[in-house]
Amino acid sequence: MKKKISRRNFVKYNSVAGLGTAAGLQITGDVFNIGKNSSSTPAILGGTPSMGHDWPDWPIWKPQIDEERVIEVIRSGVWSRAAVVKEFEEKWAETLGVKRCLTVVNGTNALNAALAQYEIGWGDEVLVTPYTFIASVSCILFNGAIPVFVDVDPETFQMDPAKIEEKITSNTAAILPVHILGLPCDMDPIMKIAKKHKLKVIEDACQGWLAEYDNKKLGTIGDAGCFSFQNSKNLPMGEGGAIVSNDDEFMDRCTSFHNYGNPYGSVSGEVGAGTIRIGTKLRITEYQAAIGLAQLKRLEDQTELRSKNAELLKGKIKDVPGILPYRLYDKTNRAAFHLFPFRYKEEEFKGLSRSKFLEALRAEGVPCSSGYRPLNKMPYLENAFNSKFYKKFYPSERLDYDSYAEVNECPLNDQLCDEAVWFTQNLLLGSKEDMNNIANAIEKIYKNAEKIK
Ligand SMILES: *Cc1c(COP(=O)(O)O)cnc(C)c1O
């Protein structure tokens, strides 16, 4: 059904419609009196899809602008870590307003390394949200610690700061706030609790590039912040990640760790004499950094556009009964919107199930997904507890999975996982008209929920 157009035509369309600036093409009006498409037949029932074209491709690559540096690097034959990686690190640190940045192979290993270099491991507990990507939790197990799940605030999709303190025990070593979907956690209360209980704070900002809370960039508020530059992320280089911090000694340890444990800065030893502490190899290549530098040039404008479009779209859909878009905490200056989330209440849609709603939305030409499943109740946890590894280091009462599962129940997150709907970040790089059309599509489905069901 969906009318396919070529990438070239899309680019043409998008530059004609601009970012919604060509008055002739702009549709005005609110979602409930738009009239154009919303009264027509939903695409899933044979009507015309709301979206007449494809979405912006991801990642964006413009050969004329982006390739010169990459080709230069490739032709130089210097492919292993050198000046271009350093340049990217300096630029990323400067962009965030943080003292140091170290790139590593991916966000997963940024988290693994950050925990390890604060010596968070065997015996420790780390507080984390169940509403996240697996790497936010696997880094805790990877270091031999035990994840303790803090339930979410379903309105914000983030770890609820009001539920943190009740989970703190004498074993708690750190809080790992995840700015999930690119929406900032409420860092003020989190930092206050951490200070009071002397806990480290390692921010998983792997979806939080250039988002700001209380005029500080995400990843720079806690003791350390971790980023991902994987292909789907807002700042993509294929694979890649970074650790940022103002803590020089910690960054020296991370730098040493990512290079076999060789001496670096305050991690001193005779340079050239070899490894002096536990380390591994997590270095990225020069051509990855060159790709990252090209992408970094457009990140600010893209972040601003996503933020504006998200606000626009939120305004248009928030009054549709059963559609509950995200709420941002008061101190949020800007979100990164790696994903645009809302909760879907099927009872307001005549009982139309979420999966059928998603199907109808996709038929309208709007890619969407149902998002994460509860990470606090998946088999990897019990399997870790049953591993030789864990049994060697923990007394059996700490590995009693049934009581662990009970303490770690997160009923609000269970419900959130059943209700969430996501749009990916590239949809928010569309035009104002695109946002109108998404809103139209949702309204069309709302009006025809009974028939679609
Ligand atoms: C992507 C992501 C990671 C892991 O990053 P990779 O670069 O894919 O290893 C960690 N945490 C969150 C929240 C992520 O979205």
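Predicted model only: the values in this text are computed from it and were never measured. Order of appearance sets the numbers: ligands from 1, and atoms from 1 within every ligand.
Within 4.0 Å of ligand 1, heavy atoms belong to protein residues Asn106, Gly107, Thr108, Leu111, Thr132, Phe133, Ala135, Ser136, Val178, Ile180, Asp204, Cys206, Gln207, Ser228, Gln230, Lys233, Gly240.
Trp422 pairs with exactly one of Phe342, Tyr372, Tyr326 by the ring pair (Phe, Tyr, Trp, His ring centres under 6.0 Å) rule, that one being Tyr372.
Ion pair Lys345/Glu419 flagged as a salt bridge, since at least one NZ, NE, NH1 or NH2 atom sits closer than 4.0 Å to an Asp/Glu carboxylate oxygen. Using a 4.0 Å cut-off between a side-chain N of Lys or Arg and a carboxylate O of Asp or Glu, Glu119 and Arg253 do not qualify as a salt bridge. Arg334 has a carboxylate O that lies under 4.0 Å from a charged side-chain N of Glu304, or vice versa, which qualifies the two as a salt bridge.
Two rings, from Phe149 and Tyr131, have their centers 6.0 Å or more apart.
Residue pairs meeting the side chain to side chain donor-acceptor pair (under 3.5 Å) criterion with at least one partner in residues 375-389, sequence neighbours excluded, are Lys377-Asp414.
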